Visitor: 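Quick one: this structure, given as structure tokens, is what I'll be asking you about.
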Amino acid sequence: MSPSADRPVRVRIAPSPTGDPHVGTAYIALFNLVFARQQGGTFVLRIEDTDQSRARADSEQMIYDALRWVGLSWDEGPDVGGPFGPYRQSERKDIYRQHADLLLARGEAYRCFCTADRLAQVRAEQQARKASFLGYDRHCRGLDRAEADRRSAEGEVHVVRLAAPLDGKVVVEDRLRGTVEFDVHQIDDQVLLKSDGMPTYHLANVVDDHLMEITHVIRAEEWISSTPKHVLLYKAFGWQEPAWHHMPLLRNVDKSKISKRKNPVSINYYRDAGFLPHALLNFLALMGWSFGDDREKFTLDEMVGAFSWDKVSLGGPVFDLDKLTWLNEKYVHDLSYEQLVDALLGWRLSRQHLIKVMPLVRERIKRLDEFVPLTEYFFSGDLDYTAVAGELSVPDVAPAGVAQGLLALVEKLEAREGWDAKVLEEEGRAWATELGWKTKHAFMLLRLVVTARKASPPLFDTMAVLGKEVTRRRLRQAAELLARKA
RNA sequence: GGCCCCAUAGUCUAGCGGUCUAGGACGUCGCCCUCUCACGGCGAAAACAAGGGUUCAAGUCCCUUUGGGGUCACCA
């Protein structure tokens with residue numbers, strides 16, 4: 001019965017390198033790793049980079065660094081290799097194509113020549129008449145196969161879609177939630193191969209999981225509604241399904257799915273804000289899992305020893321920074337003085353970081369004793385704006401407008417790859433222009449937000465050294481403060 | 001809106017039919033310790049979403065409602 005009883009346990013995480021390393025990735029990675037370790041299994045890291053338009057050059061490395069920083073490591077992956085490689089989906093294009101061809105040959109899939117415009121029209125029409133089902137209308141499903149193959153051979157742009165069954169139910173056996181049934185009428189003919197030849201998540205995920213002999217899929221709850229599509233794919237291929245486990249989603253304070261707009265979400269933020277990696281990891285474990293007794297502080301090894309699925313709770317846990325801070329305090333207090341010193345030296349007091357700060361302050365100090373008071377904001381997380389609250393403003397702009405402006409800058413910086421003084425200045429100037437704010441005023445505002453002082457080293461150099469996460473957090477915090485005032 | 005998931009205090013959770021006048025933790029408040037602050041110690045307020053069943057017995061099982069969330073892409 002168990003799809004894995006006879007096979008060695010293999011699990012995976014499959015992050016997509018589209019941005020900053022996400023706490024949710026670490027969260028899911030933790031549960032995968034713990035389960036693998038407990039079962040004497042293997043934990044695989046696979047990079048899902050099939051969307052060229054969203055891929056970011058530095059993102060993949062940041063994922064590795066961030067996961068290692070929290071203390072998670074994998075047995076197989078693009079950077080460490082392994083017998084089931086390549087572990088980067090962009091390097092497996094041929095494999096997906098072959099599998100799509102296989103499905104095509106079996107009549108389990110078909111070519112679709114519909115244009116993006118037509119698809120958009122269909123969707124708009126469905127929405128307009130408030131159709132209960134939104135999805136592809138199977139326009140190309142009836143096409144003659146030989147004819148479709150000919151058009152394809154002639155180079156006509158098209159995608160490959162799964163020919164989902166027209167009737168019946170798809171059953172997902174979730175090990176955390178039990179049997180979940182989906183009516184097949186809710187599932188449309190999912191695209192498997194995009195017109196650029198890259199697979200969609202659905203195809204790549206199923207093909208890779210099978211080829212990499214993944215026995216247990218442990219992923220976030222947001223995937224549960226696409227699981228029937230995956231089940232259908234396993235059936236179409238005639239493969240054995242993995243055991244499904246859908247973990248609850250981390251939440252913002254308002255209970256929505258955790259997002260960078262409402263909560264620091266990058267692992268790098270937690271690092272830069274002075275959280276200890278083991279504390280973060282321990283905290284993530286607490287989000288959805290409990291030790292069994294009242295223990296809240298425990299190591300990875302202890303968790304591995306005590307882990308079981310029935311101690312996972314399914315309500316979406318709110319990521320509570322206060323409780324994380326409390327846990328972090330426990331970890332800090334458990335360090336010896338020497339260890340704490342090392343922790344600091346590995347953090348913002350590292351030689352590496354101080355060397356970045358120095359060009360900004362050397363000209364501004366006359367004696368060494370001035371360094372610490374002058375540079376405090378380089379070593380802080382959140383700032384206290386009470387002393388400058390009155391000056392946190394732009395002439396003739398209401399506080400709410402200033403808040404909005406700050407958030408607009410956050411969005412702007414988000415959209416731009418790279419974080420150095422040059423990029424920041426470009427974006428900063430464009431931002432001020434767009435808002436119609438004099439740079440003098442706009443930049444003083446930013447200076448106050450970022451340093452809580454009226455005098456500082458050059459603004460954009462300061463932001464560059466501060467780093468993306470801390471800067472972003474301060475912009476948001478200040479915006480929130482101003483919005484409250486309004 | 002269709003489908004799906006979820007439901008114990010503001011938050012994270014224990015509870016797997018009787019031992020629950022519901023336990024722990026964060027946060028909040030009070031007291032103690034104390035040269036200050038912090039730590040620490042002690043204590044307080046604070047929850048089984050609602051309504052129906054099943055049962056001798058329901059926070060625990062079932063149904064409905066309500067609420068929250070997710071998802072409906074050539075993104076993952």
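All figures in this text were calculated on a predicted structure; none of them were measured in a lab. Only heavy atoms go into these numbers, but all of them, side chains included; no hydrogens, no water, no symmetry mates.
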Visitor: Within the 4.0 Å heavy-atom criterion, would you say A/M198 contacts the bases, only the backbone, or no part of the nucleic acid?
Guide: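 A/M198: no heavy atom of the nucleic acid under 4.0 Å.
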Visitor: How far, in whole Å, is B/U34 from B/G18 if one measures between their P atoms?
Guide: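 Here B/G18 and B/U34 have their P atoms 47 Å from each other.
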Visitor: Indicate, with a heavy-atom threshold strictly under 4.0 Å, whether A/V191 touches base, sugar-phosphate, or nothing.
Guide: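 Since only primed, P, OP1 and OP2 atoms lie under 4.0 Å of A/V191, the category is sugar-phosphate.
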Visitor: Expressed as a whole number of angstroms, how long is the span from A/L249:CG to B/C12:C1'?
Guide: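 Taking CG of A/L249 and C1' of B/C12, I get 16 Å after rounding.
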Visitor: With heavy atoms under 4.0 Å as the rule, sort A/L327 into base, sugar-phosphate or nothing.
Guide: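 No contact.
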Visitor: Nearest-Å distance, CG (A/D293) to P (B/C12)?
Guide: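 Taking CG of A/D293 and P of B/C12, I get 20 Å after rounding.
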Visitor: Which nucleotide, B/G70, B/U13, B/C12, lies nearest any side-chain atom of A/S313?
Guide: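 Closest nucleotide to the A/S313 side chain: B/U13.
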Visitor: In whole angstrom, what separates A/L192's CG from B/A76's C1'?
Guide: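 It is 15 Å, rounded to the nearest whole Å.
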Visitor: Counting Watson-Crick and G-U wobble pairs only, both distances under 3.5 Å, name the nucleotide matched with B/C61, or none.
Guide: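 Across all strands, the one nucleotide that pairs with B/C61 is B/G53.
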Visitor: Using the P atom as the point on both nucleotides, what is the distance between B/U60 and B/G15, in whole Å?
Guide: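 Pairwise P distance, B/G15 against B/U60, rounds to 15 Å.
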Visitor: With the side chain of A/I224 defined as its heavy atoms from C-beta on, choose the nearest nucleotide among B/C5, B/A76, B/C74.
Guide: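 For the A/I224 side chain, the nearest candidate turns out to be B/C5.
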Visitor: For B/C61 and B/G69, measure between their P atoms and round to the nearest Å.
Guide: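 Result for the P pair: 24 Å, nearest Å.
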Visitor: What is the minimum heavy-atom distance between A/R111 and A/C140, and which atoms define it?
Guide: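 In terms of heavy atoms, the two residues are closest at O-CB, 3.6 Å.
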Visitor: Between the side chains of A/R251 and A/D320, is the shortest nitrogen-to-carboxylate-oxygen separation below 4.0 Å, so that they form an ion pair?
Guide: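 Not counted as a salt bridge, because no side-chain N and carboxylate O are separated by less than 4.0 Å.
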Visitor: Answer yes when A/E154 and A/R151 have at least one side-chain N-carboxylate O distance shorter than 4.0 Å, and no when they do not.
Guide: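 Result for this pair is no, no salt bridge flagged.
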Visitor: If the C1' atom of B/U54 is compared with that of B/G2, how far apart are they to the nearest Å?
Guide: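 Per the computed distance, 32 Å lies between those C1' atoms.
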Visitor: Can you tell which of B/U11, B/C4, B/A25 lies closest to the side chain of A/K323?
Guide: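 Closest of the options to the side chain of A/K323: B/A25.
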Visitor: Could you check A/W289 against A/D294 and say which one's nearest nucleotide on RNA chain B is further toward the 5' end?
Guide: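 The answer here is A/W289.
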Visitor: Hey, which sits more toward the 5' end of RNA chain B by its nearest nucleotide, A/G315 or A/D51?
Guide: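 Mapping each residue to its closest nucleotide by heavy atoms, the 5'-most match is A/G315.
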Visitor: Does B/G40 have OP1 or OP2 under 4.0 Å away from a side-chain N or O of A/K330?
Guide: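 Yes, because at least one side-chain N or O of A/K330 sits under 4.0 Å from OP1 or OP2 of B/G40.
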Visitor: Need one value for A/P199: base, sugar-phosphate or nothing, where a base atom within 4.0 Å counts as base even if backbone is also close, heavy atoms only.
Guide: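 A/P199: backbone/sugar contact only, no base atoms under 4.0 Å.
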Visitor: Which nucleotide sits closest to the side chain of A/S290: B/U13, B/U11, B/C6?
Guide: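 Nearest listed nucleotide: B/U13.
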Visitor: Do A/H202 and A/W223 have ring centres separated by under 6.0 Å?
Guide: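 Aromatic pair excluded; centres sit 6.0 Å or further apart.
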Visitor: If the cut-off is 4.0 Å, is A/K194 near the phosphate of B/A73, judged by side-chain N/O to OP1 or OP2?
Guide: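 Checking A/K194 against B/A73: no side-chain N or O falls below 4.0 Å of OP1 or OP2.
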Visitor: Would you please confirm or rule out a distance under 4.0 Å between OP1 or OP2 of B/A14 and any side-chain N or O of A/K311?
Guide: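 A/K311 to B/A14 OP1/OP2: no side-chain N or O under 4.0 Å.
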Visitor: Parallel, tilted or perpendicular for A/W289 and A/F298, by the 30°/60° rule?
Guide: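 Answer is perpendicular, since the angle exceeds 60°.
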Visitor: When you get a sec, tell me which of B/U13, B/C26, B/C74 is the closest nucleotide to the side chain of A/D322?
Guide: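 Closest of the options to the side chain of A/D322: B/C26.
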Visitor: What contact category does A/E329 fall into here, base, sugar-phosphate, or nothing, at under 4.0 angstrom with non-hydrogen atoms?
Guide: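 Sugar-phosphate contact only - A/E329 comes under 4.0 Å of backbone atoms but never of a base.
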Visitor: Is there a donor on the side chain of A/R54 or the base of B/C75 sitting less than 3.5 Å from an acceptor on the other?
Guide: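 Check passes, donor-acceptor contact within cut-off.
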Visitor: Should A/S256 be listed as having a side-chain N or O under 4.0 Å from OP1 or OP2 of B/G69?
Guide: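 False: A/S256 side-chain N/O out of range (4.0 Å or more) of B/G69 OP1/OP2.
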Visitor: Could you tell me which nucleotide pairs with B/U66 by Watson-Crick or G-U wobble geometry, both distances under 3.5 Å, or answer none if nothing does?
Guide: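 In the structure as shown, B/U66 has B/A7 as its Watson-Crick or wobble partner.
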Visitor: Is A/R123 near enough to B/C74 that one of its side-chain N or O atoms lies under 4.0 angstrom from OP1 or OP2?
Guide: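 Yes, A/R123 has a side-chain N/O under 4.0 Å of OP1/OP2 on B/C74.
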Visitor: To the nearest Å, how far apart are A/L324 CG and B/U13 P?
Guide: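 Atom-to-atom, A/L324 to B/U13, this comes out as 14 Å.
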Visitor: Going by purine N1 to pyrimidine N3 plus the second Watson-Crick contact, or the G-U wobble pair, all under 3.5 Å, which nucleotide sits opposite B/G43?
Guide: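 Across any shown strand, B/G43 pairs with B/C29.
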Visitor: Are any of A/R161's side-chain N or O atoms less than 4.0 Å away from OP1 or OP2 of B/C74?
Guide: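 Result: yes.
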Visitor: Please state how far atom CG in A/L250 lies from atom P in B/G69, giving the value in whole angstrom units.
Guide: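 Checked: the CG to P distance equals 16 Å.
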Visitor: Taking A/D20 first and then A/K468, would you say they form a salt bridge - that is, a charged N and a carboxylate O separated by under 4.0 Å?
Guide: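 Looking at A/K468 together with A/D20, the answer is yes, because their closest N to O distance falls below 4.0 Å.
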Visitor: Using Watson-Crick or G-U wobble geometry with both distances below 3.5 Å, tell me the partner of B/C35, or none.
Guide: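 When the pairing criteria are applied, nothing turns out to pair with B/C35, so the answer is none.
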Visitor: In whole angstrom, what separates A/D137's CG from B/C74's P?
Guide: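 One finds 12 Å between P of B/C74 and CG of A/D137, rounded.
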Visitor: Could you work out which one of B/G2, B/C4, B/G69 sits closest to the side chain of A/E221?
Guide: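 Comparing B/G2, B/C4, B/G69 against the side chain of A/E221, the answer is B/G69.
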Visitor: Name the pairing partner of B/G1, where a pair is Watson-Crick or G-U wobble with both distances under 3.5 Å, or state none.
Guide: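 Its partner is B/C72.
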Visitor: Between B/C12, B/A76, B/A25, which nucleotide has the shortest distance from any of its atoms to the side chain of A/Y201?
Guide: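 The nucleotide sitting nearest to the side chain is B/A76.
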Visitor: Roughly, in whole Å, what's the span from CG in A/L176 to P in B/G69?
Guide: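 So the CG-P distance, A/L176 to B/G69, works out to 21 Å.
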Visitor: Under 6.0 Å from the NZ atom of A/K412, do we count more than 12 heavy atoms belonging to anything else shown?
Guide: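 Enclosed: over 12 neighbouring heavy atoms sit under 6.0 Å from NZ of A/K412.
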Visitor: Within the 3.5 Å criterion, strictly below it, is a donor on A/D79 or A/W74 matched to an acceptor on the partner's side chain?
Guide: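 A/D79 vs A/W74: donor-acceptor pair found between side chains.
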Visitor: What does A/G316 touch in the nucleic acid at a heavy-atom separation under 4.0 angstrom: a base, only the sugar-phosphate, or nothing?
Guide: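 Sugar-phosphate only.
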Visitor: When the P atoms of B/C48 and B/G59 are compared, how many Å lie between them, rounded to an integer?
Guide: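 Approximately 11 Å lies between the P atom of B/G59 and that of B/C48.
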Visitor: Pick the C1' atom in B/U8 and in B/U71, then give their distance to the nearest Å.
Guide: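 Roughly 27 Å separates the two C1' atoms.
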Visitor: Between the main-chain N or O of A/F378 and the side-chain N or O of A/T375, is there a donor-acceptor pair closer than 3.5 Å?
Guide: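 Not a single qualifying donor-acceptor pair exists.
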Visitor: Can you check the A/Q190 CD to B/C72 C1' distance for me, whole Å?
Guide: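 It works out to 10 Å between those atoms.
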Visitor: Looking across every strand, which nucleic acid part, if any, lies under 4.0 Å from A/S53 by heavy atom: base, sugar-phosphate, or nothing?
Guide: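 Counting heavy atoms under 4.0 Å across all strands, no contact is made by A/S53.
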Visitor: Both distances below 3.5 Å, Watson-Crick or wobble geometry, any strand: find the nucleotide opposite B/G17.
Guide: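 Base-paired to nothing in any strand shown.
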Visitor: Can you tell me which nucleotide in B/C6, B/A76, B/G69 comes closest to the side chain of A/R251?
Guide: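 Of the candidates, B/G69 comes closest.
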Visitor: Please state whether the base of B/C74 and the side chain of A/S195 form at least one donor-acceptor pair under 3.5 Å?
Guide: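 Indeed, a donor on one side and an acceptor on the other fall under 3.5 Å apart.
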Visitor: Once you apply the 3.5 Å cut-off to both distances, tell me the Watson-Crick or G-U wobble partner of B/C48, or none.
Guide: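 When the pairing criteria are applied, nothing turns out to pair with B/C48, so the answer is none.
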Visitor: Determine the Euclidean distance between corresponding P atoms of B/G68 and B/U55; express it in Å to zero decimal places.
Guide: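 Taking atom P in both B/U55 and B/G68, they lie 34 Å apart.
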Visitor: Do the charged groups of A/E414 and A/R416 touch, with an N to O distance under 4.0 Å?
Guide: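 A/R416 and A/E414: not salt-bridged.
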Visitor: I'd like the C1' distance from B/C63 over to B/U19, given in whole Å.
Guide: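 That atom pair is separated by 29 Å.
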Visitor: Where the side chain of A/L134 is defined as all heavy atoms beyond and including C-beta, which of B/C26, B/U71, B/C72 is the nearest nucleotide?
Guide: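 Looking only at heavy atoms from C-beta outward on A/L134, the closest nucleotide is B/C72.
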Visitor: With a cut-off of less than 4.0 Å, is there a side-chain N or O of A/T200 near OP1 or OP2 of B/C74?
Guide: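 No, no such contact exists.
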Visitor: Return no unless some side-chain N or O of A/K257 is found under 4.0 Å from OP1 or OP2 of B/U71.
Guide: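 Indeed, a polar side-chain atom of A/K257 lies that close.
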Visitor: Reckon A/R295 has a side-chain N or O less than 4.0 Å from the OP1 or OP2 of B/G24?
Guide: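 So the side-chain polar atoms of A/R295 never come under 4.0 Å of the phosphate oxygens OP1 or OP2 of B/G24.
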